[in-house]
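Here's the structure, in structure tokens; my notes come after.
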Amino acid sequence: MIKVLIADDQELIRQSLMIILSSQGEFQVTDAVKNGLEVIRSVRKTRPDVILMDIRMPEMDGVVCTQIIKENYPDIKIIILTTFDDDEYVFNALKYGASGYLLKGISMQELSDAIRKVHHGTAMINEDIASKVVRLFSRMAQSNLTVQVEDDRVRDLKNGEWQIIVQVGSGLSNKEIAARLNLSEGTVRNSLSTILSKLALRDRTQLAIWAVQTGAVNRMFGEDHG
């Protein structure tokens, strides 16, 4: 059972998400709240596995709330619910540790899949907006947010792992990486875990930022490193 907390300032959306998720046996909705302050109060009581976080909320928005939650409860996964015009918010939410973002209006199946994947440690970003993700990662890499990795750790990376890093830095999902490199999704998932462990990075977002910052994406993308 995956425990899900819903945070959105629009009651209609909160109620709709509650009904959708509660109708599926694998999800338990722990609470549905309308702002970041209520999220923090609810998390203390219910400790959800995943938070569906609206980006724009009164009192405390989704960005500030994401930062506070990830600092205090790093194991809780956060999916940002957004619209196309929320670039700055999304940029900051990913910077503070959100596992990805979804556009409002996605199908019930996409939402369920996203919660499942994030719960199991996969970053989740709408495939429709992969190019937007690359732009966000590039901005992160050029900002004052620096992801440091020791040289000794980088030297331990194998060629096949570099291939995966390049794809992650380009905004591809596990499914897309598997198709491009002719691997199974399970192999990609396991390789990502190994890569994160080797580089001592927290998650896929940090890995993508590091790949852009170091120039790995531009230097190696499209080359054969099998």
Hey, could you give me the [atom1]/[atom2] distance between [X] and [Y], rounded to the nearest 0.5 Å?
{"X": "Asp75", "Y": "Ile69", "atom1": "CG", "atom2": "CD1", "result": "12.5 Å"}
{"X": "Ile55", "Y": "Tyr101", "atom1": "CD1", "atom2": "OH", "result": "10.5 Å"}
{"X": "Ile165", "Y": "Leu157", "atom1": "CD1", "atom2": "CG", "result": "4.5 Å"}
{"X": "Leu102", "Y": "Asp113", "atom1": "CG", "atom2": "CG", "result": "10.5 Å"}
{"X": "Arg47", "Y": "Ile76", "atom1": "CZ", "atom2": "CD1", "result": "6.5 Å"}
{"X": "Ile51", "Y": "Tyr73", "atom1": "CD1", "atom2": "OH", "result": "9.5 Å"}

Just by distance, do the side chain of [X] and the backbone of [Y] share a donor-acceptor pair under 3.5 Å?
{"X": "Asp152", "Y": "Arg155", "answer": "no"}
{"X": "Ser42", "Y": "Glu38", "answer": "no"}
{"X": "Lys3", "Y": "Thr46", "answer": "yes"}
{"X": "Asp61", "Y": "Met57", "answer": "no"}
{"X": "Asp203", "Y": "Gln206", "answer": "yes"}
{"X": "Lys77", "Y": "Ser99", "answer": "no"}
{"X": "Glu71", "Y": "Ile68", "answer": "no"}

Results of side-chain hydrogen bond (donor to acceptor under 3.5 Å, both in side chains) for [X] - residues two or more places apart only:
{"X": "Gln15", "answer": "none"}
{"X": "Thr187", "answer": "Ser184"}
{"X": "Asn182", "answer": "none"}

Apply side-chain contact (heavy atoms from CB on, under 4.5 Å) to Leu5 and Val29, showing your working.
CA-CA 6 Å; Leu5 169 61; Val29 178; over 6 Å; no
For a side-chain contact (heavy atoms from CB on, under 4.5 Å) check, start with the C-alpha distance between Leu52 and Leu21, then their side-chain angles and the critical distance, and finish with the verdict.
CA-CA 11 Å; Leu52 293 178; Leu21 294 176; 3.9 Å; yes
With a sphere of 6.0 Å drawn around NZ of Lys34, does it hold more than 12 non-hydrogen atoms of other residues, nucleotides or ligands?
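No, NZ of Lys34 has 12 or fewer neighbouring heavy atoms, counting only those of other groups under 6.0 Å.
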Look at atom NZ of Lys158 and say whether more than 12 heavy atoms of other residues, nucleotides or ligands are closer to it than 6.0 Å.
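Count not over threshold, so no.
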May I ask you to test the [X]-[Y] pair for a side-chain heavy-atom distance under 4.5 Å?
{"X": "Lys104", "Y": "Asp54", "answer": "yes"}
{"X": "Asn35", "Y": "Val39", "answer": "no"}
{"X": "Ile6", "Y": "Ile13", "answer": "no"}
{"X": "Leu201", "Y": "Ile195", "answer": "no"}

Does the side chain to side chain donor-acceptor pair (under 3.5 Å) test come out yes or no for Ser173 and Glu176, once each step is laid out?
CA-CA 5 Å; Ser173 66; Glu176 290 167 325; 3.3 Å; yes
Steps toward side-chain contact (heavy atoms from CB on, under 4.5 Å) verdict (Leu192, Leu207):
CA-CA 9 Å; Leu192 267 173; Leu207 178 61; 3.7 Å; yes
Applying salt bridge (Lys or Arg N to Asp or Glu O under 4.0 Å) to Asp31 and Lys45, what does each step give before you reach the verdict?
CA-CA 10 Å; Asp31 208 349; Lys45 292 179 192 168; over 6 Å; no
Minimal non-hydrogen separation, [X] against [Y], with atom names:
{"X": "Ala208", "Y": "Val168", "value": "CB-O, 3.9 Å"}
{"X": "Arg153", "Y": "Val149", "value": "CB-CG1, 4.0 Å"}
{"X": "Gly97", "Y": "Lys70", "value": "O-CE, 3.4 Å"}
{"X": "Ala211", "Y": "Gly169", "value": "CB-CA, 4.1 Å"}
{"X": "Arg202", "Y": "Tyr96", "value": "NH2-C, 4.4 Å"}
{"X": "Met18", "Y": "Ala32", "value": "SD-CB, 3.5 Å"}

Can a donor-acceptor pair be found between the side chains of Glu161 and Ser191 at a distance below 3.5 Å?
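No, because no side-chain N or O of Glu161 sits under 3.5 Å from a partner of the opposite role on Ser191.
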When you look at Arg204 and Asn174, which way does the side chain to side chain donor-acceptor pair (under 3.5 Å) test go after all the steps?
CA-CA 11 Å; Arg204 187 192 195 97; Asn174 283 1; 2.7 Å; yes
May I ask whether Met108 and Ile2 are part of the same hydrophobic cluster, defined by side-chain heavy atoms of I, L, V, M, F, W, Y residues being less than 4.5 angstrom apart, directly or through others?
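Met108 and Ile2: separate clusters.
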Transitively linked via ILVMFWY side-chain contacts under 4.5 Å: Val4 with Ile20?
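Not linked; separate clusters.
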List the steps and the verdict of side-chain contact (heavy atoms from CB on, under 4.5 Å) for Leu81 and Leu17.
CA-CA 12 Å; Leu81 296 174; Leu17 288 171; 4.0 Å; yes
